[in-house]
Amino acid sequence: YGGGAGGVPSARLPWEAIVVDNASTDGSVEAIRERFPNVRLIVNSENLYYSAANNQGIAAASGRYVLILNSDTVIVGDVLRQLISRMDADPRIGVATPMMLDPDGTIQRICARFATYPYLLYAYTFLGRLRPRARARIEAHIWYADWDRRTEREVEFVPGSCMMLRRGVLDALGGFDEHLAHYFSDEDLCHRVRAAGWRVMYYPLRGVIHYEGASARKHRGGVTGLYLRDLLRFTGKHFGMARRNLLAAMLIPNRLYRWLKNGR
């Protein structure tokens, strides 16, 4: 397979590691060159964000599977071999992910159903505060509240922090939609995967530790604006421009509150 990561795959797998550096300033490029000379390193002069950078890595990869893996993850054991074995056993699987753990061993709540328009309204606008019970019901449905992530399950989308993609899927559909620069691009890709007839699977395989949020914390300035932009682009793409514009109007009080709170 081909991929980039913060962990090292099982030695029993033929693999290549591709790291896309989004204009980091913490010495990462020099450290990789010195400590991991076999890693293929793509260095960007500016931050291209999640979708474009991962598309660079996908284009460079030559494996029959491509693993998208965030830099705030660590692989332990042979979880990737097990994941590939399951995908090999069912050619209908286009994308899969294993269990992800907090550093203390807590199972993370990953994978969800596709966002519905009511979910977007209740999750991101004042409607959620006005009707908290309705919001809770909708969120419980979206996030599979009845599932503890200890069992195998076909899901609607898996997190972009760790997703194994079949090469044939990427050849047929392309990679991430770069109009969604950083957020919602994993959900959007899984939309296209399922629409094309492939399955999206979660397997309760332990072996990926996720220091969730570590990457985002490095870019706090501007994250809110980028998130809202991607949210509206995702809404327009999947629900139409009329609903996108309604959501944008309903977001104005939230954005005004943040502007006043932050003094900008």
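Here the side chain of T125 pairs a donor or acceptor atom with the backbone of L121 at under 3.5 angstrom. Counting only distance, with no hydrogens or angles, the side chain of R113 and the backbone of H141 share a donor-acceptor pair below 3.5 Å. Side chain of D102 to backbone of D104: no donor-acceptor contact under 3.5 angstrom is found. When atom types are taken as modelled, the side chain of E16 and the backbone of A61 share no donor-acceptor pair closer than 3.5 angstrom. Side chain of N22 to backbone of N47: no donor-acceptor contact under 3.5 angstrom is found.
Remark: Y144 engages W147 in a ring pair (Phe, Tyr, Trp, His ring centres under 6.0 Å) (not counting sequence neighbours). Among residues two or more places apart in sequence or in another chain, the side-chain hydrogen bond (donor to acceptor under 3.5 Å, both in side chains) test is passed with D88 by R64, Y65. Applying the salt bridge (charged side-chain N to carboxylate O under 4.0 Å, His left out) criterion to R135, with sequence neighbours excluded, gives E139. Legend: residues meeting salt bridge (charged side-chain N to carboxylate O under 4.0 Å, His left out) with R150, ordered by chain and number and at least two apart, are D148. Applying the side-chain hydrogen bond (donor to acceptor under 3.5 Å, both in side chains) rule to Q56 yields the partners N44; only residues at least two apart in sequence or on another chain are considered. Here F184 pairs with Y227, F234 under the ring pair (Phe, Tyr, Trp, His ring centres under 6.0 Å) rule; sequence neighbours left out. A search for ring pair (Phe, Tyr, Trp, His ring centres under 6.0 Å) contacts involving Y122 returns nothing, not counting sequence neighbours. Here R131 pairs with nothing under the salt bridge (charged side-chain N to carboxylate O under 4.0 Å, His left out) rule; sequence neighbours left out. T116 meets the side-chain hydrogen bond (donor to acceptor under 3.5 Å, both in side chains) test with no other residue; sequence neighbours excluded. With sequence neighbours excluded, the residues that form a side-chain hydrogen bond (donor to acceptor under 3.5 Å, both in side chains) with R192 are D188. Applying the ring pair (Phe, Tyr, Trp, His ring centres under 6.0 Å) rule to Y117 yields the partners F239; only residues at least two apart in sequence or on another chain are considered. With sequence neighbours left out, the side chain to side chain contact (heavy atoms under 4.5 Å, CB included) criterion links A60 to I18, R40, I42.
Rounding to the nearest 0.5 Å places CD1 of I68 at 4.0 Å from CD1 of I58. L246 CG to L120 CG: the interatomic distance, rounded to the nearest 0.5 Å, is 11.0 Å. Atom-to-atom distance recorded for D21:CG and D26:CG is 7.5 Å, nearest 0.5 angstrom. To the nearest 0.5 angstrom, S161 atom OG is 4.5 Å from H210 atom NE2. The CG atom of D230 sits 5.5 Å away from the CG atom of L180 when rounded to the nearest 0.5 Å. To the nearest 0.5 angstrom, E187 atom CD is 10.0 Å from S185 atom OG.
Residues L83 and Y203 form a side-chain contact, since some pair of their non-hydrogen atoms from C-beta on lies under 4.5 Å apart. By the 4.5 Å heavy-atom criterion applied to side chains, C190 and M163 are counted as neighbours. Between L41 and R33, the closest side-chain pair of non-hydrogen atoms falls below 4.5 Å. Annotation: side chain of R137 is in contact with side chain of R133 (closest heavy-atom distance under 4.5 Å). Counting only heavy atoms from C-beta outward, the side chains of V20 and N54 never approach each other to under 4.5 Å. Proximity of M164 to V95: side-chain heavy atoms (C-beta onward) are nowhere separated by under 4.5 Å. Here the side chains of P159 and M100 are in contact, with some heavy-atom distance below 4.5 Å. Looking only at side-chain heavy atoms (C-beta outward), L251 and L231 come within less than 4.5 Å of each other.
The two residues V66 and R167 come nearest to each other via the heavy atoms CG2-NH1, 3.7 Å. Between Y202 and V155, the shortest heavy-atom contact is CB-CG1, 4.2 Å. Considering every non-hydrogen atom in both V79 and P98, the closest pair reads CG2-CB, 3.8 Å. Closest of all the heavy-atom pairs between V193 and R199 is CG1-O, 4.5 Å. The two residues R149 and Q108 come nearest to each other via the heavy atoms CG-O, 3.9 Å. Scanning all heavy atoms of the two residues, the minimum distance from G105 to L101 falls at O-CD2, 3.7 Å.
Applying the ring-ring contact (aromatic ring centres under 6.0 Å, His included) test between H191 and each of F157, F114, F176 identifies F114 as the sole match.
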* To do: Might you work through the side-chain contact (heavy atoms from CB on, under 4.5 Å) test for L232 and N245, ending with a clear yes or no?
  => CA-CA 8 Å; L232 293 175; N245 292 338; over 6 Å; no
* Applying side-chain contact (heavy atoms from CB on, under 4.5 Å), run through L226 and Y49 and close with a yes or a no. => CA-CA 10 Å; L226 180 64; Y49 296 105; 3.5 Å; yes
* side-chain contact (heavy atoms from CB on, under 4.5 Å) between L67 and L80, intermediate numbers included -> CA-CA 9 Å; L67 177 70; L80 300 184; 3.7 Å; yes
* Criterion side-chain contact (heavy atoms from CB on, under 4.5 Å) on L205 and R86, from CA distance to verdict -> CA-CA 11 Å; L205 303 170; R86 283 158 175 76; 3.6 Å; yes
* **Test log, rule salt bridge (Lys or Arg N to Asp or Glu O under 4.0 Å), inputs R233 and D177** => CA-CA 11 Å; R233 287 181 174 179; D177 181 351; over 6 Å; no
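We find that E154 and R194 are joined by a salt bridge, their nearest charged nitrogen and carboxylate oxygen being less than 4.0 Å apart.
At a threshold of 4.5 Å between side-chain heavy atoms, the hydrophobic network of Ile, Leu, Val, Met, Phe, Trp and Tyr places I107 and I75 in one connected group. Hydrophobic clustering of Ile, Leu, Val, Met, Phe, Trp and Tyr side chains at less than 4.5 Å, counting indirect connections, keeps L48 apart from L69. Both I32 and V43 belong to a common hydrophobic cluster when Ile, Leu, Val, Met, Phe, Trp and Tyr are linked at side-chain heavy-atom distances under 4.5 angstrom.
Seen from the ring of W143, R109 counts as a face-on cation partner, given the 6.0 Å and 45° thresholds.
Defined by atom type and a distance below 3.5 Å, a donor-acceptor pair is missing between the side-chain atoms of T73 and N70.
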